[in-house]
Amino acid sequence: MKASASAPGKVILVGEHFVVEGSPAIAVAVDVRARATAEAAEGDLVTISSRELGEASFGPGAGGGPLYPVYVAVQEIFKRAGRRAGLRLTIESDIPPGAGMGSSAAVAAAAAAATARLLGLPLSPDEIAQAALAAETIVHGKPSGIDPAVTSYGGAIYFKRGAKPERISADFGRVRLVLADSGIQRSTGALVARVLETKRRHPEVLEPLYKAAANLAEKARSALEKGDFATVGELMNINHGMLSALGVSNAKLEELVYAAREAGALGAKITGAGGGGMIVALCWSEDAERVARALSGIAARTIIAPVSEKGATSALEG
Ligand code: PMV
């Protein structure tokens, strides 16, 4: 018997970095997915293989390497099930890694969901998110938990650290998200640490900005619920300026953001940790191709991403 699962990538619409210190953020799942297949194997080793990351086997003791976080998510499922099992797990992902689209959380969520399905353990989105969060903690030191929440739930999520994620009821039918990759690799953990260090040095300057970011996320939520995408776009532009103030923008990201706005996007900003990775532009559906074309000459890649209502899902195969 085999179980397969998939989980979507994500785009943060507003609130990244600020979310690490307790402000709310809003993210949406997008229809670019990671997949995992789990099969029972002899013994108690978990063998994980990926086209990009190779293959590694993990036993009950400690481990390391690029596939170790995936094993940590699987271990969370073993803990919930009250037993270990020998497994062969294959993972693959269409989500560009290291670009701010939550690829590591989606891979971990898909692996956790496939393992739970194989073991016959029904899991809520919250439980899948917790398993993926354990993996994220290995990937980068102080994750807010937003990536695991969005990939597990799907749709649009209002996320506040320590609180249960809330699904926002919003109709994205008239808009598209255009993503443009700067092609610059960066480490989320290092950028989060740098921002926290800047905040520690200038609390009297930056604490009001964190309050403003919290107000911005609340306004963006109510604009999304009303379908007022012009206001959402305007708030995204403001949010981009705040991220620049935190020091996570650079000349390439600014070039992409301004090109998207000039091509007619409702709003454009860094998405994710910044320092490289991607920008997101919110566009009316009919403008998305034009905005993507304007970006394609200066970006390493562009993606027009529909919002995915479907979070992590799993099924048994024959
Ligand atoms: O990994 P990324 O680029 O999607 O960034 C995650 C968003 C941060 O707010 C910067 C970090 C976090 O854990 O929320």
Interatomic spacing from [atom1] in [X] to [atom2] in [Y] - rounded to 0.5 Å:
{"X": "Leu87", "Y": "Ser57", "atom1": "CG", "atom2": "OG", "result": "11.0 Å"}
{"X": "Ile279", "Y": "Asp181", "atom1": "CD1", "atom2": "CG", "result": "10.0 Å"}
{"X": "Asn215", "Y": "Ile238", "atom1": "CG", "atom2": "CD1", "result": "11.5 Å"}
{"X": "Leu295", "Y": "Leu256", "atom1": "CG", "atom2": "CG", "result": "6.0 Å"}
{"X": "Leu13", "Y": "Leu235", "atom1": "CG", "atom2": "CG", "result": "11.0 Å"}
{"X": "Glu218", "Y": "Arg221", "atom1": "CD", "atom2": "CZ", "result": "7.0 Å"}

SB check [X] [Y] (cutoff 4.0 Å):
{"X": "Lys79", "Y": "Glu76", "answer": "yes"}
{"X": "Glu92", "Y": "Arg35", "answer": "yes"}
{"X": "Lys211", "Y": "Glu207", "answer": "no"}
{"X": "Glu55", "Y": "Arg88", "answer": "yes"}
{"X": "Glu255", "Y": "Lys252", "answer": "yes"}
{"X": "Glu16", "Y": "Lys269", "answer": "yes"}

Co-membership, hydrophobic cluster, residues [X] and [Y], 4.5 Å side-chain:
{"X": "Ile26", "Y": "Val248", "result": "yes"}
{"X": "Ile146", "Y": "Ile138", "result": "no"}
{"X": "Leu282", "Y": "Val307", "result": "yes"}
{"X": "Ile95", "Y": "Leu53", "result": "no"}
{"X": "Val11", "Y": "Trp284", "result": "yes"}

Looking at [Y], is its backbone amide N or carbonyl O close enough to the side chain of [X] to form a donor-acceptor pair, meaning the two atoms are under 3.5 Å apart?
{"X": "Ser49", "Y": "Thr90", "value": "no"}
{"X": "Lys10", "Y": "Gly100", "value": "yes"}
{"X": "Arg194", "Y": "Gly247", "value": "yes"}
{"X": "Arg117", "Y": "Lys2", "value": "no"}
{"X": "Ser249", "Y": "Ser244", "value": "no"}
{"X": "Arg84", "Y": "Asp44", "value": "yes"}
{"X": "Tyr71", "Y": "Gly59", "value": "yes"}
{"X": "Arg290", "Y": "Ala263", "value": "yes"}
{"X": "Glu127", "Y": "Ser124", "value": "yes"}
{"X": "Arg80", "Y": "Leu123", "value": "no"}

Minimum-distance pair of heavy atoms, taken over all atoms of [X] and [Y]:
{"X": "Ser308", "Y": "Val30", "answer": "CB-C, 3.7 Å"}
{"X": "Thr115", "Y": "Leu89", "answer": "OG1-CD1, 3.9 Å"}
{"X": "Ala73", "Y": "Ala108", "answer": "CB-O, 3.8 Å"}
{"X": "Ala7", "Y": "Ala106", "answer": "CB-O, 3.5 Å"}
{"X": "Leu253", "Y": "Gly277", "answer": "CD2-O, 4.1 Å"}
{"X": "Ser187", "Y": "Ala190", "answer": "OG-N, 3.0 Å"}

Inset, instruction - Assess the side chains of Thr37 and Ser4: does a donor N or O sit below 3.5 Å from an acceptor N or O? - result: no

Legend entry - Working for side chain to side chain contact (heavy atoms under 4.5 Å, CB included), residues Glu204 and His202: CA-CA 6 Å; Glu204 60 287 70; His202 306 291; 4.3 Å; yes

Legend entry - Pair listing, ring pair (Phe, Tyr, Trp, His ring centres under 6.0 Å) test, anchored in residues 162-191, at least two apart: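 Listed once each, the pairs are Phe172-Phe229.
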
Legend entry - Summary of ring pair (Phe, Tyr, Trp, His ring centres under 6.0 Å) pairs that have at least one residue in residues 10-57, sequence neighbours excluded: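 As it turns out, the ring pair (Phe, Tyr, Trp, His ring centres under 6.0 Å) pairs with a partner in residues 10-57, which skip direct neighbours, are Phe18-Tyr210.
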
Inset, instruction - Would you indicate whether Glu42, at its atom CD, is surrounded by more than 12 heavy atoms from other residues, nucleotides or ligands within a distance under 6.0 Å? - result: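 Counting other residues, nucleotides and ligands, CD of Glu42 stays at 12 neighbours or fewer.
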
Legend entry - Crowding at CD, Glu317 (>12 non-hydrogen neighbours, <6.0 Å): yes

Inset, instruction - With side chain to side chain contact (heavy atoms under 4.5 Å, CB included) as the test, would you mind laying out the steps for Leu246 and Leu206 before giving the verdict? - result: CA-CA 8 Å; Leu246 292 185; Leu206 288 178; 4.1 Å; yes

Inset, instruction - Taking the side chain as every heavy atom from C-beta outward, state whether Asp228 and Lys219 have any pair of such atoms under 4.5 Å apart. - result: no

Legend entry - Candidate list Leu224, Val150, Leu177, Ile157, test side-chain contact (heavy atoms from CB on, under 4.5 Å), partner Val28, passing option: Leu177

Inset, instruction - Show your reasoning for whether side chain to side chain contact (heavy atoms under 4.5 Å, CB included) applies to Leu266 and Val232. - result: CA-CA 8 Å; Leu266 293 162; Val232 176; over 6 Å; no

Legend entry - Test log, rule side chain to side chain contact (heavy atoms under 4.5 Å, CB included), inputs Arg83 and Leu119: CA-CA 9 Å; Arg83 67 183 171 104; Leu119 299 184; 3.7 Å; yes

